[in-house]
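Below: the structure, in structure tokens.
None of these values were measured; they are calculated from a predicted model.
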Amino acid sequence: IFIMDNFIAVGKRTLSMTVVITTIAWAMGLSMLLMPLMASAAVTGDLIKASQPAVYYYGSDNKRYVFPNEGTYWSWYANFDAVKTITDGELAAMPIGGNVTYKPGAKLLKITTDPKVYAVAAGGTLRWVETEAAAKALYGDAWATQVNDVPDAFFVNYSNTGAKISVAADYDKAAVMA
């Protein structure tokens, strides 16, 4: 009888522990329990996403950078083939570092409240394309089709300190794209 009572007591403790662990796993989500054991699948330069459709750039500073609109993404990438899916927990653990700006040289930019057209240089520096002749020389006769509007809220991600572009020689498009 003593052995049977001991067996029943161990069984009850095992069942109680199983219920407690299962309840914690259910309440917190199993991924939260396993998160410290998993290394992030993201490495510097990766395009990442979790369960939502938003795609981010993972920087060398271990932060994720937001593509504020489709135009910005397409200025850098031709498709979504390189996007890695990570867990929601991994994504949440990565702080946001800021917004991605258009790729230098890829497009011309403007905002709806300013008629000026800008070329993008390194570091998100904007350079006013002062003449239509310069725009044509750099982006072809259909240069106007290369102008993308940046929402006013995201225009602050750019620095408007670059020198004006009066003639095509003022801006080496091939060099800035490299």
Side-chain angles (χ1 to χ4, degrees), residues 17-18 20-114 116-129 138-139 146-163 165 171-178:
M17 288 301 280
T18 303
V20 168
I21 290 170
T22 302
T23 303
I24 290 171
W26 176 80
M28 293 179 63
L30 189 56
S31 65
M32 293 303 284
L33 291 173
L34 297 177
M35 188 67 154
L37 304 175
M38 295 169 41
S40 173
V43 296
T44 297
D46 278 350
L47 294 172
I48 56 173
K49 69 178 278 318
S51 65
Q52 298 297 312
V55 175
Y56 303 89
Y57 175 82
Y58 186 64
S60 61
D61 57 358
N62 297 323
K63 293 180 180 178
R64 59 186 156 128
Y65 290 83
V66 180
F67 290 96
N69 59 23
E70 288 181 24
T72 304
Y73 181 87
W74 294 121
S75 75
W76 289 95
Y77 304 99
N79 55 50
F80 293 102
D81 293 351
V83 177
K84 291 183 179 179
T85 301
I86 61 174
T87 68
D88 288 343
E90 285 176 306
L91 186 68
M94 296 173 186
I96 293 176
N99 290 323
V100 177
T101 57
Y102 272 80
K103 181 178 181 179
K107 294 285 183 179
L108 294 166
L109 303 181
K110 67 177 285 313
I111 58 173
T112 56
T113 56
D114 182 357
K116 292 180 180 177
V117 173
Y118 299 92
V120 182
T125 299
L126 295 178
R127 297 187 56 196
W128 176 33
V129 182
L138 292 166
Y139 289 88
Q146 298 298 310
V147 178
N148 283 12
D149 279 323
V150 174
D152 289 3
F154 300 121
F155 205 67
V156 297
N157 296 311
Y158 297 88
S159 169
N160 190 5
T161 58
I165 301 170
Y171 181 76
D172 188 346
K173 184 178 167 189
V176 299
M177 289 187 78

Problem set entry | CG-OH distance between Leu138 and Tyr171, expressed to the nearest 0.5 angstrom | 7.5 Å
Problem set entry | Heavy-atom donor-acceptor pair, Tyr57 side chain to Asn99 backbone, under 3.5 Å | no
Problem set entry | Set of side chain to side chain contact (heavy atoms under 4.5 Å, CB included) partners for Ser60, sequence neighbours left out | Thr44
For this session: Could you tell me which non-hydrogen atom of Val156 sits nearest to which non-hydrogen atom of Ala153, and how far apart they are?
Result: CG2-O, 3.5 Å
Problem set entry | Heavy-atom pair of closest approach, residues Asn157 and Thr101 | O-CG2, 3.6 Å
Exercise. Can any side-chain N or O of Trp128 pair as donor or acceptor with the backbone N or O of Gly162 at less than 3.5 Å?
Worked result: no
Problem set entry | Euclidean distance, Thr113 OG1 relative to Phe155 CZ, rounded to 0.5 Å | 8.0 Å
For this session: Quick one: closest heavy-atom pair of Ala42 and Ile48, and the distance?
Result: CB-CG2, 3.8 Å
For this session: For Tyr118 and Leu126, work out which heavy atoms get closest and say how close.
Result: CD2-CB, 3.8 Å
For this session: With sequence neighbours left out, write down each residue that passes side chain to side chain donor-acceptor pair (under 3.5 Å) with Ser51, or none if nothing qualifies.
Result: Asp88
For this session: Test Tyr73 against Asn69 for side-chain hydrogen bond (donor to acceptor under 3.5 Å, both in side chains), laying out the working first.
Result: CA-CA 7 Å; Tyr73 181 87; Asn69 59 23; over 6 Å; no
Seminar exercise, completed: Separation between OG1 (Thr85) and CD (Glu90), nearest 0.5 Å, reads 10.5 Å
Problem set entry | side-chain contact (heavy atoms from CB on, under 4.5 Å) between Tyr77 and Val83, worked out | CA-CA 10 Å; Tyr77 304 99; Val83 177; over 6 Å; no
Problem set entry | salt bridge (Lys or Arg N to Asp or Glu O under 4.0 Å) partners of residues 62-87, not counting sequence neighbours, each pair once | Asp46-Lys84
Exercise. Got a donor-acceptor contact below 3.5 angstrom from the Asp114 side chain to the Ile111 backbone?
Worked result: no
Problem set entry | Minimal non-hydrogen separation, Phe67 against Val55, with atom names | CD1-O, 3.3 Å
For this session: Dump the intermediate steps for side-chain contact (heavy atoms from CB on, under 4.5 Å) on Lys173 and Tyr139, then the final yes or no.
Result: CA-CA 9 Å; Lys173 184 178 167 189; Tyr139 289 88; 3.5 Å; yes
Problem set entry | Nearest atoms (heavy-atom pairs only) where Ala121 meets Pro104 | O-CG, 3.6 Å
Exercise. Atom CE of Met177 and atom OG of Ser75: how far apart are they, to the nearest 0.5 Å?
Worked result: 9.0 Å
Seminar exercise, completed: Between the NZ atom in Lys116 and the CG atom in Leu109, the distance rounded to the nearest 0.5 Å is 14.5 Å
Exercise. With under 30° as parallel and over 60° as perpendicular, where do the rings of Tyr158 and Tyr102 fit, or are they tilted in between?
Worked result: tilted
Problem set entry | Pairwise side-chain contact, Met94 with Ile86, heavy-atom cut-off 4.5 Å (strictly under) | yes
Problem set entry | With Thr72, the side-chain contact (heavy atoms from CB on, under 4.5 Å) member among Asn148, Val100, Val66 | Val100
